[in-house]
Amino acid sequence: MSQNSNKNELTILSNWWFNIDKQLLICFLILTFFGLTMSFTIKPGGSYVDQISILNAFTIQSIYLLFGVLIILICSFFELKTIKKYTPYIFLFLLVVLTLTIIPGFGLESKGSSRWLDLIIITLMPIELIKPIFCIGLALILENKTENTSGKKYLYSFIIYFFIAVVLVKQPDIGQLAIISSIFVSSFFLSGFSFAALIGIIFFGLISFVGIYFLNFNVQNRINAFFSPEQYDVSQVNRSINAFKEGGYFGVGPGEGQLKNTLQESHTDYIFAVIGEEYGAVGCLVILSLFFYIAYRVFQRSYDEKDHFIQLSLFSLTVYLSFQTLIHCAVNLNLIPSTGMTLPFISYGGSSILGIALTLGLILLLTKKRHN
């Protein structure tokens, strides 16, 4: 009995290894190692680790990354039909959890925004887990099926998007709203869309963002500071730019940068500037090249895929991963206003790592050579 069990386990593992995209897996593991390396030298300024040592911060990040790697591997073992079956239930549960963030007594407010839930052991940012599930959920709704070719699928997808958008505006979290919008538009674009409907959605989005600017002081303040820096405190951005200048081509060396000691968000929102200071332009280009290769390879697999559900899922997951990376880097380089966006799998924080790990695990699952 035990011999049969061992043979079955070996068969499962050998099938997994044969079917998995090994190049993507290696890229994900490199990201994990680099995120761990960065966490060893940072001095976080978040609520968890204000008073504790760098070693403890490293330990906390190690635990997050360990769980992240486990999520990636576990997701990659799932069958496609299992993901399709349980995604609607998981998505509905996460929407309820997201809604709790804006209900007084449940949401944890920080810096004028209520984005987190206090789970005693950790604080959870639900939108980080929703983003990859949103990609899969939209693919389920919008995939081409003979029994689902009416305009209802577009209406359903828009209602779900609109609900999430309202909660994010209420929090507020406009950076995440931009990511959710990119997921929705990219899925809509690839689903055999009506061009008039797409133009209408883009127009609606632009009007909405203008309205958010005039109604939300925090958003207005960040955008005004970007266009009129002389009238606002832009010390964070100036320190970030100076970090890149200090780093030059090859950086000042791991752990030798000063930005992480003077900027509270250096371990999250400005981790790319820390990379620029300690590893230089070469280090930044290596990280960006890694993300670019992941996007290129997944887009290539998506293009060759015959299953419309897999194609939609891979496309939107990659758009989300790439767009978040670009937003984070652009903020650090002062190309766009500050958004509070993390760098996938490298920035410090549990919710971000778990959300990205789920994304990478789903990508590995969907890029398998065959789906049983």
Side-chain angles (χ1 to χ4, degrees), residues 19-21 23-29 31-32 68-69 71-84 86-88 90-91 94 126-144 157 160-161 164 175-191 193 290-328 341-346 351-369 371:
N19 291 318
I20 208 73
D21 190 317
Q23 293 185 41
L24 285 177
L25 179 61
I26 290 171
C27 288
F28 299 161
L29 293 177
L31 279 178
T32 303
V69 171
I71 289 172
I72 291 174
L73 296 177
I74 290 171
C75 282
S76 66
F77 273 97
F78 281 133
E79 295 183 4
L80 188 61
K81 62 182 180 181
T82 303
I83 296 297
K84 287 186 172 185
Y86 290 105
T87 289
I90 297 172
F91 190 42
L94 289 176
I127 190 61
E128 294 289 0
L129 299 178
I130 282 180
K131 288 183 290 187
I133 301 299
F134 185 50
C135 295
I136 304 300
L138 284 179
L140 281 172
I141 295 172
L142 296 173
E143 65 174 320
N144 289 335
S157 61
I160 295 171
Y161 161 73
I164 298 174
Q176 297 290 1
L177 176 59
I179 298 294
I180 287 292
S181 299
S182 71
I183 293 172
F184 176 69
V185 172
S186 62
S187 297
F188 200 88
F189 178 81
L190 200 65
S191 65
F193 64 97
L290 190 61
F291 280 110
F292 174 80
Y293 181 75
I294 291 171
Y296 167 77
R297 186 159 183 84
V298 179
F299 276 138
Q300 186 181 49
R301 296 295 295 269
S302 175
Y303 180 79
D304 296 334
E305 183 59 56
K306 300 292 191 296
D307 188 311
H308 195 229
F309 166 78
I310 297 175
Q311 192 177 54
L312 275 172
S313 299
L314 285 175
F315 187 77
S316 57
L317 285 167
T318 310
V319 166
Y320 143 52
L321 183 66
S322 303
F323 193 45
Q324 179 161 325
T325 301
L326 290 175
I327 288 178
H328 175 91
M341 198 67 62
T342 57
L343 183 61
F345 234 57
I346 296 176
S351 298
S352 174
I353 288 175
L354 296 180
I356 293 297
L358 182 58
T359 302
L360 302 183
L362 289 169
I363 288 175
L364 279 183
L365 166 67
L366 295 165
T367 52
K368 281 183 178 180
K369 291 181 181 177
H371 303 277

Which atom pairs, donor and acceptor, lie under 3.5 Å between side-chain atoms of residues 353-365 and protein residues at least two apart or in another chain?
unit_1: Thr359; atom_1: OG1; unit_2: Gly355; atom_2: O; d: 3.0

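- Phe184 is linked by a ring-ring contact (aromatic ring centres under 6.0 Å, His included) to Tyr161, Phe188, counting only residues two or more places apart in sequence or in another chain.
- The heavy-atom pair separating Ile294 from Leu321 by the smallest distance is CG2-CD2, 4.1 Å.
- For Gln311, there are no side-chain hydrogen bond (donor to acceptor under 3.5 Å, both in side chains) partners two or more places apart in sequence or in a different chain.
- Within the structure, every pair that satisfies the salt bridge (Lys or Arg N to Asp or Glu O under 4.0 Å) test and touches residues 291-302, not counting sequence neighbours, is listed here: Asp21-Arg297, Asp21-Arg301.
- Residues Ile160 and Phe134 have side chains in contact (heavy-atom distance under 4.5 Å, counting atoms from C-beta outward).
- For Phe299, the ring-ring contact (aromatic ring centres under 6.0 Å, His included) partners are Phe315, not counting sequence neighbours.
- Every residue two or more places apart in sequence or in another chain was checked for a ring-ring contact (aromatic ring centres under 6.0 Å, His included) with Phe291, and none qualifies.
- By the side-chain hydrogen bond (donor to acceptor under 3.5 Å, both in side chains) test, Thr342 is found to be paired with Gln324, Ser352, residues two or more places apart in sequence or in another chain being considered.
- Tyr296 and Phe292 have parallel rings, their planes meeting at less than 30° on a 0 to 90° scale where 60° marks the start of perpendicular.
- The nearest pair of heavy atoms linking Thr318 to Ala295 is CG2-CA, 3.5 Å.
- Judged as a ring-ring contact (aromatic ring centres under 6.0 Å, His included), and not counting sequence neighbours, the contacts of Phe77 are Trp16.
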Show your working on side chain to side chain contact (heavy atoms under 4.5 Å, CB included) between Leu31 and Leu290 and close with a plain yes or no. CA-CA 8 Å; Leu31 279 178; Leu290 190 61; 3.6 Å; yes
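- Closest heavy-atom contact between Phe323 and Ser182: CD2-OG, 3.4 Å.
- Across Leu142 and Ser157, no two heavy atoms sit closer than the pair CD2-OG, 3.9 Å.
- Applying the side chain to side chain contact (heavy atoms under 4.5 Å, CB included) test to Leu326 and every residue at least two apart in sequence or in another chain returns nothing.
- In this structure, Ser351 has no side-chain hydrogen bond (donor to acceptor under 3.5 Å, both in side chains) partners at least two apart in sequence or on a different chain.
- In terms of the side-chain hydrogen bond (donor to acceptor under 3.5 Å, both in side chains) criterion, Tyr86 has no residue partners (sequence neighbours excluded).
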